[in-house]
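Naming convention: chains lettered A, B, ... in sequence-line order (proteins, then strands); numbering from 1 in each chain.
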Amino acid sequence: MLIISQLHTHRLFPPLILSVIRSHAFRKNVTFAVSVYSFHHFHNSRQTNPPSLGYLLQECRTLDQLKRIHGLAIQKGLDLHASVYSKIIGFCCTNDFGDMNYARDLFVKILEPSVYLWNIMIKGYSRINCPEDAASLYVEMLRKDVKPDTYTFPFLLKGFDEGIPFECGKGIHAHICKFGFDLNEYVQHSLIHMYCVYGQVDMARRAFDMNAKTDVAMWNLMVSGYNRRKQFEKSMKLFNVMEEKEIFPNSVSLVSVLSACSELKDLDAGKRIHQYVKDGKVKSNLILNNALINMYANCGEMEASLGVFSSMQDRDVISWTTIIKGCVNSGQVDQARRYFDQMPHRDSVSWTALLDGYLKVNRFKDVLLLFREMQTANVRPDAFTTVSILTACAHLGALELGEWLRVYIDKYNIKDDICVGNALIDMYLKCGEVDKALRKFANMPRRDKFTWTAVIVGLAANGHGKKALNMFSEMLDAQETPDEVTYVGVLSACTHAGMVNEGRNYFASMATHHEIEPNIVHYGCLVDLLGRSGNLKEAYNVIKNMPMKPNTIVWGTLLGACRLHKDVEMAETAAAQLLLLEPENEAVYVHLCNIYATCKKWESLQALRKIVMERGIKKTPGCSLMEVNGVVHEFVAGDHTHPQSEEMFLQLEEMNEILKLAGYVPDNLELMLGIG
DNA sequence: TTAGGGTTAG
């Protein structure tokens, strides 16, 4: 610092230089500051061997530093040299702190850029995921009669993604052949990569088969290409061929094949791959360890996964997140939380992993609480986070927060993809906002079976049975294949619309038209459809003949229908079956009491009431959720614990009066029976 | 003065 403070008073230094030196000196980047000092000093005193501009650029750590060096070079008249441009553009194009706009501004000033400059500009655009800009630069380059070289195509194709038409990719392949670079190994690699990106794994494989010999990188590309298209068996198989041909895998090969093992939950294969590391045949690194943690966790071996995790010297956010996901998948969300709390750094992926953990075990309030923590921690939600929160909102009926998220998605340009759209539609429908859901549905640029299913199930649940069935036929017209959830929506739509015959037909068509075997939920829907419409015998026969053991929901549905149609005999059968399955189910007694009362079977009622009293059966109070100002409140009947309960009960009384005036008669049988 | 391959989340 002594040198620096002396420099401050040195008359030789104009303010610009001083500010560069000072800013680095204060950031304890003294080496860099001194280099800037000597660069300036040597140039001023015309001495030889100044620290090169290249050295200074290499030492740059921020764009600001680069701009200051550039300013210095301009001041020294050095910016006239093409090499200076090259260096600065190179920095901007290849460095994490680079800036393509800055590079472009300099690039356009160069009259006849060399092929090197064109190449690194293309590389720069590919690096920041702007393949369109890279491609237009390539076209411009050809127009200016600059011949591409073997570097051009790997840089260009590296950035290609689905945003660029496949035709362009094929066009580039033709250019490669035309310019005679098709035998260059780097170019071949980039072609395999490009075909894999477009999902044309067979084309990639053809290029691979023609060229692959002992080149590990090319094998790795092909294995990861299969992974990319979720063809995990093929990637495992190719890895085995690689081993047979005695091409020695490196850490990248192991990472790819471990990813396939973990997707296929092939623990044995995973262990065999791990052996390469244990035997010291392949040196481990962070990414490889992460892949191992992931493989063991996905195969349900949390102990082995944690074993690798605890043996690691370096861990990154992915290591931790993988462990959290592993705990979540093994049903240990509280354990996941403990690891989460220990993380040195959390990104939106880690937050979302834990949010999904709470979602998985239906702890929706915890989802919202954690989301609040995430906001406090200033971590911006991404599309995945948004989907998780919207799902929680849907379950809680938290419309206000759901609406806030919709605004957030627009405001912060969250990728509003098909999943976000589906989650939004589902949230609106579960919150009863049918019109808003339909508006979003109409504006979806693409729809999948989940979009249609959300709308069909949601419309049915909101009582729009006919609309739901119309949607279903539109779905079929759009060539979208329904799944078992879609059919739950269809069957419940029939129930709501009272379309018994149609319901029977839809039930039959599940298997005949779409190869979906009805599951117990579908049988439950059928029982509901038949029961509500008064076809109690048929409903009973369905239960008797279904291929699986009826559960309490199915018998409960029949019992409900018996109450509706006042069928005491059938109700007793259903209740008896229910109590066989769940002797402690108090709701059965309540239902049966109701039915006896409705049918004026006072003797039976009294006998049952006696049993209820003797066994001390109490009805579990119902619970409702309400969202006010983004906070979800939980209420149970007769609950006075809420700080504002007095006001609430006054309000309730007022509402009761209004209801009574409107002619509403409450169904208070449970209370009358003394088991409410 | 420029080259290649890999891990996490609906």
Side-chain angles (χ1 to χ4, degrees), chain A residues 53-54 57-58 82-91 93-94 114-124 126-127 149-158 181 184-193 196 215-225 227-228 235 249-260 262-263 285-295 297-298 316-326 328-329 347-357 359-360 381-391 415 417-423 426 448 450:
Chain A
L53 196 64
L57 289 172
Q58 198 186 305
S83 69
V84 175
Y85 277 132
S86 291
K87 287 215 174 72
I88 295 172
I89 293 173
F91 177 94
C93 293
T94 53
S114 62
V115 64
Y116 162 76
L117 273 175
W118 286 100
N119 287 346
I120 54 168
M121 282 297 291
I122 291 172
K123 179 185 179 178
S126 291
R127 200 179 65 82
D149 63 10
T150 53
Y151 288 84
T152 314
F153 295 106
F155 291 159
L156 178 61
L157 289 178
K158 172 112 204 248
F181 297 136
N184 178 283
E185 61 171 316
Y186 294 106
V187 175
Q188 285 167 354
H189 289 171
S190 61
L191 277 172
I192 292 173
H193 168 82
C196 288
D215 180 355
V216 194
M218 202 178 281
W219 286 80
N220 292 348
L221 261 168
M222 201 58 231
V223 173
S224 72
N227 279 351
R228 191 191 286 268
S235 77
N250 59 15
S251 68
V252 177
S253 333
L254 298 195
V255 170
S256 291
V257 75
L258 278 171
S259 167
S262 110
E263 290 291 338
N285 61 30
L286 177 64
I287 295 179
L288 181 49
N289 278 327
N290 286 349
L292 281 167
I293 301 178
N294 184 47
M295 181 276 293
N298 253 2
D316 64 2
V317 66
I318 295 181
S319 331
W320 286 91
T321 308
T322 309
I323 289 294
I324 288 170
K325 193 194 130 213
V328 162
N329 286 343
D347 62 9
S348 66
V349 182
S350 0
W351 285 93
T352 309
L354 188 57
L355 287 168
D356 284 337
L359 216 50
K360 238 187 189 145
D382 61 12
F384 290 87
T385 321
T386 324
V387 170
S388 308
I389 308 299
L390 284 171
T391 311
K415 199 175 148 213
D417 62 11
I418 206 162
C419 288
V420 174
N422 292 349
D426 187 47
D448 61 10
F450 299 102

Quick one, A/Asn227 with A/Ser235, criterion side-chain hydrogen bond (donor to acceptor under 3.5 Å, both in side chains). Give me CA distance, side-chain angles, the key distance, then yes/no.
CA-CA 6 Å; A/Asn227 279 351; A/Ser235 77; 2.9 Å; yes
Query - Leading and trailing nucleotides of DNA chain B with any atom under 4.0 Å from heavy atoms of chain A - result: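 Reading along DNA chain B, I get B/dT1 to B/dG10.
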With rounding to the nearest 0.5 angstrom, report the [atom1] to [atom2] distance, [X] to [Y].
X        : Y        : atom1 : atom2 : answer
A/Leu191 : A/Cys196 : CG    : SG    : 11.0 Å
A/Leu117 : A/Cys93  : CG    : SG    : 8.5 Å
A/Leu292 : A/Leu288 : CG    : CG    : 5.0 Å

Across the strands shown, which category fits [X] at heavy-atom distances under 4.0 angstrom: base, sugar-phosphate, nothing?
X        : value
A/Val216 : base
A/Asn329 : nothing
A/Thr391 : nothing
A/Ile287 : base
A/Asn184 : base
A/Asp356 : sugar-phosphate
A/Ser86  : nothing
A/Val317 : nothing
A/Gln188 : nothing
A/Lys87  : nothing
A/Asp417 : base
A/Thr352 : nothing

- Item | Non-hydrogen atoms of A/Glu263 and A/Asn298 that approach each other most closely |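 It is N-ND2, 4.5 Å.
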Exercise for the section: Taking all heavy atoms of A/Ala291 and all of A/Leu258, pick out the closest pair and write down the distance. Expected result: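 Shortest heavy-atom contact: CB-CD1, 3.9 Å.
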_Heavy atoms within less than 4.0 Å of DNA chain B: which residues of residues 381-388 of chain A have one? Give them sorted by number._
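The stretch gives A/Asp382, A/Ala383, A/Phe384, A/Val387 as the residues lying under 4.0 Å from the strand, ordered by number.
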Check: CZ of A/Phe181: more than 12 outside heavy atoms within 6.0 angstrom?
Finding: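 Atom CZ in A/Phe181 is crowded, with more than 12 foreign heavy atoms closer than 6.0 Å.
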Requested in this report: Kindly assign one of parallel, tilted or perpendicular to the pair A/His189 and A/Tyr186, based on the angle between their ring planes and the thresholds 30° and 60°.
Outcome: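 Perpendicular.
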Item checked: With sequence neighbours excluded, residues passing side-chain contact (heavy atoms from CB on, under 4.5 Å) with A/Ser224 ->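 Per chain and number, A/Ser224 pairs via side-chain contact (heavy atoms from CB on, under 4.5 Å) with A/Ser256.
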